[in-house]
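Comments concern the structure below.
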Amino acid sequence: MTAALLAWYDRHARIMPWRTGPADRAAGLRPDPYRVWLSEVMLQQTTVAAVRKYHERFTALWPTVADLAAAPDADVMAEWAGLGYYARARNLLKCARAVVAEHGGRFPDTHDALIALPGIGPYTAAAVAAIAFDRPETVVDGNVERVMSRLFDVKTPLPAAKPELTAHAARLTSHARPDDHAQAVMDLGATICTPKSPACGICPLRAPCLARQRGTEAQRPVKAAKKPKPERRGFAYVGRRADGAWLMETRPEKGLLGGMLGFPGSDWNEAPRPAPPAPAAWREVGEARHVFTHFALTLTVMVAELPPSNPERGHFVSASAFRPGALPTAMRKVHDAAAPHLAVEGSGATG
DNA sequence: GAACCGTGGCT
DNA sequence: TAGCCAAGGTT
């Protein structure tokens with residue numbers, strides 16, 4: 001079964017910036033562990049299409065783990081904006097600094113040493129050990145779970161089925177080509193054994209696949225029922241000074257959008273109280289709607305021209321330093337709703 | 001084990 | 001369109 005999978009991978013492996021190409025591999029070149037690690041962290045719960053440009057941007061700005069470790073926190077958070085799960089960016093920096101401080105700037109090459117680092121869990125430790133260092137570790141991500149649940153027609157619902165699926169995956173792990181095997185199972189899951197309408201007809205594992213034999217592939221994997229998303233509301237305050245500076249707030253390290261730049265606002269709940277960050281003639285200009293993983297949010301967008309005096313909350317960011325692209329998406333939507341109503345004398349419409 | 005933590009693309 | 005989904009980790 002492993003041979004058929006590897007043969008398929010040799011012909012159909014997806015080309016990605018952090019992978020070594022056939023020529024490199026023929027020359028015995030290994031991929032850069034820093035680039036592999038960066039890609040794996042970015043790919044956590046995130047599509048390849050979304051990761052490509054972020055990975056390119058990060059490696060251009062910070063070519064080595066030492067470069068990243070030396071970067072200011074705010075720069076890294078701003079570059080991560082839009083990718084989501086911002087704890088990943090905070091842990092990315094912690095991990096880079098730990099690799100420099102504790103490992104001499106070189107990534108450790110074992111699963112156990114990798115999993116001890118911030119932001120590296122069971123999946124990422126196995127993936128880096130296998131892909132960067134060719135160790136026979138078993139990677140179990142959503143793709144592998146789906147492939148195994150079909151291959152062995154597992155009826156146990158996820159996430160309870162995880163140990164069972166992991167055991168199946170471990171038995172299939174190739175000790176001859178661990179690096180290729182890890183990526184082959186995931187590529188198969190991403191391109192052939194897809195969540196909907198799997199391409200069983202061209203699957204290299206169609207012969208041994210139990211779900212295929214029984215016609216149950218569309219019902220695998222079985223997943224536990226999802227919980228309904230609560231609705232929350234809040235107020236967001238977009239204030240500008242006469243010189244065009246924006247009143248912003250760096251959010252606390254922990255919790256939702258932790259460490260990211262945003263607009264001051266109220267609590268988010270069923271019936272939020274207004275909470276203006278500075279005395280001013282605030283006026284309502286619209287709403288910003290954003291759906292997070294576990295709740296849906298509607299923000300009432302308030303705007304005002306602010307006096308030069310210090311605000312009660314937050315700090316001013318100059319017009320030239322302000323970039324909507326450095327905001328998490330919910331805050332970027334607030335900005336987009338507010339901006340047309342905040343014409344500032346002489347600030348123009350550029351940037 | 002379960003809650004928390006984003007986002008954009010696809011159907 | 002409204003859900004579903006993606007190379008998960010931390011608490």
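Please read these numbers as outputs of a predicted model, since none were measured by experiment. Because only heavy atoms are used, hydrogens play no part in the values below, and waters and symmetry mates are left out as well, while side chains stay in. Numbered from 1 within each chain, the chains take letters A, B, ... in sequence-line order.
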> Between C:dC5 and A:K226, is there an OP1 or OP2 to side-chain N/O distance shorter than 4.0 Å?
Replying inline: yes

>> What is the distance, to the nearest angstrom, from the CG atom on A:L43 to the C1' atom on C:dG9?
In response: 15 Å

> To the nearest angstrom, how far is A:M331 atom CE from B:dC5 atom P?
Replying inline: 13 Å

>> Walk me through whether A:Q44 and A:R88 qualify under side chain to side chain donor-acceptor pair (under 3.5 Å).
In response: CA-CA 9 Å; A:Q44 290 166 8; A:R88 292 186 295 171; 4.9 Å; no

>> Between P on C:dG9 and CG on A:L117, what's the gap in Å once rounded to a whole number?
In response: 13 Å

> Roughly, in whole Å, what's the span from CH2 in A:W80 to P in C:dG9?
Replying inline: 12 Å

> Mind checking what makes side-chain hydrogen bond (donor to acceptor under 3.5 Å, both in side chains) contact with A:R233, not counting sequence neighbours?
Replying inline: A:E287, A:T300

>> Here's a test of your reading of the structure: between A:K254 and A:A190, which maps to the more 5' nucleotide of DNA chain C?
In response: A:A190

>> Under 4.0 Å, counting only non-hydrogen atoms across every strand here, what does A:R52 touch: a base, just sugar-phosphate, or nothing?
In response: nothing

> Side chain of A:R146: nearest nucleotide among B:dC4, C:dA6, C:dC5?
Replying inline: C:dA6

> Hey, does A:M16 reach any base, or is it just sugar-phosphate, or nothing, if we go heavy atoms under 4.0 Å?
Replying inline: base

>> Please classify the nucleic acid contact of A:K162 as base, sugar-phosphate, or nothing, using heavy-atom distances under 4.0 Å.
In response: nothing

> Where along nucleotides 6-11 of chain B does protein come under 4.0 Å, by heavy atom, of base (B) or sugar-phosphate alone (S), with - for untouched nucleotides?
Replying inline: BBS---

>> Measure CG/A:L158 against P/C:dG8 and give the value in whole Å, please.
In response: 12 Å

>> Going by salt bridge (charged side-chain N to carboxylate O under 4.0 Å, His left out), name the residues that satisfy it together with A:K155, two or more places apart in sequence or in a different chain.
In response: A:D153

>> Between C1' on C:dG9 and CD1 on A:I115, what's the gap in Å once rounded to a whole number?
In response: 10 Å

>> Name the residue from A:V222, A:L165, A:L158 that meets the side-chain contact (heavy atoms from CB on, under 4.5 Å) definition with A:S149.
In response: A:L165

> How close or far is atom C1' of C:dA6 from atom NE2 of A:H55, stated in whole angstroms?
Replying inline: 17 Å

> So what does A:P122 touch, heavy atoms closer than 4.0 Å: a base, only the sugar-phosphate, or nothing?
Replying inline: sugar-phosphate

>> Any heavy-atom pair between the side chains of A:V238 and A:M302 that's under 4.5 Å?
In response: no

>> In this structure, how many angstroms lie between the P atom of C:dG9 and the CG atom of A:L92, rounded?
In response: 13 Å

> Would you say B:dC5 has OP1 or OP2 under 4.0 Å from some side-chain N or O of A:H294?
Replying inline: yes

>> Classify the ring geometry of A:F152 against A:H168: parallel below 30°, tilted from 30° to 60°, perpendicular beyond 60°.
In response: parallel

> According to the interplanar angle, ranging from 0 to 90°, do the rings of A:W80 and A:F58 count as parallel (below 30°), tilted (30 to 60°) or perpendicular (above 60°)?
Replying inline: perpendicular

> When all nucleic acid strands are considered with a 4.0 Å heavy-atom cut-off, which category describes A:S39: base, sugar-phosphate, or nothing?
Replying inline: nothing

